[in-house]
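The structure presented is a predicted model; accordingly, all values stated were derived computationally and were not measured. In this chain, numbering begins with 1 at the start of the sequence shown.
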Amino acid sequence: MTSALQVFDAAAVERYSRQLLLREVGEAGQLRLAQSCAVVVGCGGLGVPAALYLGAAGMGRLILVDPDTVALDNLNRQVAYRTDEVGQPKAALLAERISELNPTIEVVAHRDSVTEGSVGHLLTGADVVLECSDDPVTKFLVNDFCVLEGIALVVGGAVGLAGQVVAVPSGGACYRCLFGGPPAHPGQSCREAGVLGPLVGIIGALQALEAIKLICGMGQEPGGRLLDFDAAAVRWREVRFPRDPSCGVHREGASRQRP
């Protein structure tokens with residue numbers, strides 16, 4: 001049997017050596033990463049660290065989706081961008097940074113929004129999606145598509161001094177099982193409430209960690225998991241939740257599978 005290490009050249013073995021030492025990753029896990037595709041929706045405070053860590057880890061294909069350009073008020077937390085890049089497209093700039101960090105992987109940038117019309121084009125073929133936008137409607141749109149297509153999903157959010165990550169394994173309890181749907185009256189965004197830069201770094205990095213775990217098959221359970229972080233107290237809270245039998249998207253998926 002061919003060793004997975006024989007697939008990588010000597011430079012790649014050295015690049016990923018610290019991950020290869022981990023029994024939870026090892027040769028098989030590194031090969032799964034190299035053969036996988038991740039989509040990062042949103043290249044802002046969460047998407048920047050998430051995408052950088054996925055690229056560094058050796059995700060074989062990384063697709064970045066964001067319609068926006070860099071603004072001066074992004075720079076306290078979106079640390080991949082520079083002052084002289086204000087006004088330039090985020091997705092393209094982040095793709096450039098990741099390619100500089102790891103030129104051995106494929107990075108694709110889409111200056112686009114995820115809508116009902118574009119979601120299939122942008123997410124089809126992904127093994128895992130990281131939802132890093134600040135729009136509740138987009139989060140549920142991405143969740144529903146991933147559930148119906150059997151794609152693993154990691155949803156992140158951060159505002160003020162609070163952040164959360166929801167990991168959704170393929171076939172498991174989903175974001176809609178937990179929250180039902182977009183709130184009728186969304187709370188304050190970072191624009192109104194503010195946010196600390198290191199907080200989004202923590203949450204985005206955790207999204208990358210959860211995505212790598214899903215690809216490598218670490219600690220997968222049929223239920224969902226919410227990780228809630230209070231930055232003021234530096235305290236984590238974990239909530240595990242089952243699939244909701246009344247969840248509309250799971251019921252739609254089941255009806256599609258019936259003959």
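Residues L227 and V234 share a single hydrophobic cluster, defined by chaining ILVMFWY side chains whose heavy atoms lie under 4.5 Å apart. F179 and V137 end up in different hydrophobic clusters when Ile, Leu, Val, Met, Phe, Trp and Tyr side chains are linked at under 4.5 Å. Note on I202: it clusters hydrophobically with L206, by side-chain heavy-atom contacts below 4.5 Å among ILVMFWY residues. Connection of L209 to L20 is established within a shared hydrophobic cluster, with ILVMFWY side chains joined at heavy-atom distances below 4.5 Å, either directly or through further cluster members. Following chains of ILVMFWY side-chain contacts shorter than 4.5 Å, one can reach L52 starting from L46, so the two form part of one hydrophobic cluster.
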* **Residue pair T104, N102: steps toward the side chain to side chain donor-acceptor pair (under 3.5 Å) verdict** => CA-CA 5 Å; T104 70; N102 188 352; 2.6 Å; yes
* Mind running side chain to side chain contact (heavy atoms under 4.5 Å, CB included) on R176 and D144 for me, showing each step along the way? => CA-CA 8 Å; R176 193 176 287 277; D144 295 353; 2.6 Å; yes
* K213 vs E24, salt bridge (Lys or Arg N to Asp or Glu O under 4.0 Å): CA-CA, chis, key distance, verdict -> CA-CA 9 Å; K213 287 167 58 183; E24 295 87 351; over 6 Å; no
* To do: Determine, stepwise, if the pair L141 / D135 fulfils side chain to side chain contact (heavy atoms under 4.5 Å, CB included).
  => CA-CA 10 Å; L141 177 61; D135 178 26; over 6 Å; no
* Verify side chain to side chain contact (heavy atoms under 4.5 Å, CB included) between V154 and V129, making sure each step is shown before the conclusion. => CA-CA 6 Å; V154 184; V129 174; over 6 Å; no
* Asked: Taking it one step at a time, do V40 and V65 satisfy side chain to side chain contact (heavy atoms under 4.5 Å, CB included)?
  -> CA-CA 6 Å; V40 177; V65 182; over 6 Å; no
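Minimum interatomic distance between C174 and V147 (heavy atoms only, all atoms of both residues): CB-CG2, 3.5 Å. Taking every heavy atom of both residues into account, G55 and I98 meet most closely at CA-CG2, 3.9 Å. Nearest heavy-atom pair, H110 versus A91, reported as atom, atom and distance to 0.1 Å: O-CB, 3.8 Å. When every heavy atom of P183 is checked against every heavy atom of P136, the shortest pair comes out as CD-CB, 4.0 Å. Closest approach of I63 and R61 over heavy atoms only: CD1-NH1, 3.2 Å. Nearest heavy atom pair, residue L148 against residue V249, reads CD2-O, 3.5 Å.
Contact check for L199 versus F229: side-chain heavy atoms found under the 4.5 Å cut-off. Using a 4.5 Å cut-off on side-chain heavy atoms (C-beta onward), E131 and V142 make contact. Contact check for V41 versus C132: no side-chain heavy atoms found under the 4.5 Å cut-off. Contact check for I105 versus L54: no side-chain heavy atoms found under the 4.5 Å cut-off. L62 places none of its side-chain heavy atoms less than 4.5 Å from the side chain of V108. Using a 4.5 Å heavy-atom threshold, the side chains of V195 and R77 count as touching. By the 4.5 Å heavy-atom criterion applied to side chains, C216 and L33 are counted as neighbours. No side-chain heavy atom of V25 sits less than 4.5 Å from a side-chain heavy atom of R32.
Shown here is E100, whose CD atom has more than 12 heavy atoms of other residues, nucleotides or ligands within 6.0 Å. Heavy atoms from other residues, nucleotides or ligands lying under 6.0 Å from CZ of F140 number more than 12. Around CD of Q88, the count of heavy atoms belonging to other residues, nucleotides or ligands within 6.0 Å exceeds 12.
Separation of atoms CD (E149) and CD1 (I151) is listed at 6.0 Å; rounding is to 0.5 Å. The distance from atom OH of Y175 to atom CG of L153, rounded to the nearest 0.5 Å, is 9.5 Å. Interatomic distance, D228 CG to W236 CH2, rounded to the nearest 0.5 Å: 8.5 Å. Once rounded to the nearest 0.5 Å, the distance linking CD of E210 with CG of L130 reads 10.0 Å. Here Q35 contributes atom CD and Q30 contributes atom CD; the two are 11.0 Å apart, rounded to the nearest 0.5 Å. Between R225 atom CZ and R240 atom CZ the span is 5.0 Å, to the nearest 0.5 Å.
Put simply, the side chain of R243 gets close to the backbone of G171: a donor and an acceptor are under 3.5 Å apart. Side chain of S170 to backbone of A152: no donor-acceptor contact under 3.5 angstrom is found. Judged by distance alone, with hydrogens and angles left aside, the side-chain atoms of Q164 form no donor-acceptor pair with the main-chain N or O of A158 at under 3.5 Å. Looking at D127, its side chain never comes within 3.5 Å of a backbone N or O of S36 through a donor-acceptor pair. The closest donor-acceptor contact from the side chain of R97 to the backbone of A80 lies under 3.5 Å. With S113 contributing its side chain and T115 its backbone, the two residues share no donor-acceptor pair below 3.5 Å. Side chain of N74 to backbone of A71: a donor-acceptor contact under 3.5 angstrom is found.
Each of V155, V165, V166 was checked for a side-chain contact (heavy atoms from CB on, under 4.5 Å) with Q207, and the lone residue meeting it is V165.
Under 3.5 Å, the side chains of E85 and T83 contain no donor-acceptor pair of N or O atoms. Side-chain contact annotation: D244 with S246, donor-acceptor N/O pair under 3.5 Å present.
A salt bridge between R111 and D66 is absent, with no side-chain N of the basic residue lying under 4.0 Å from a carboxylate O of the acidic one.
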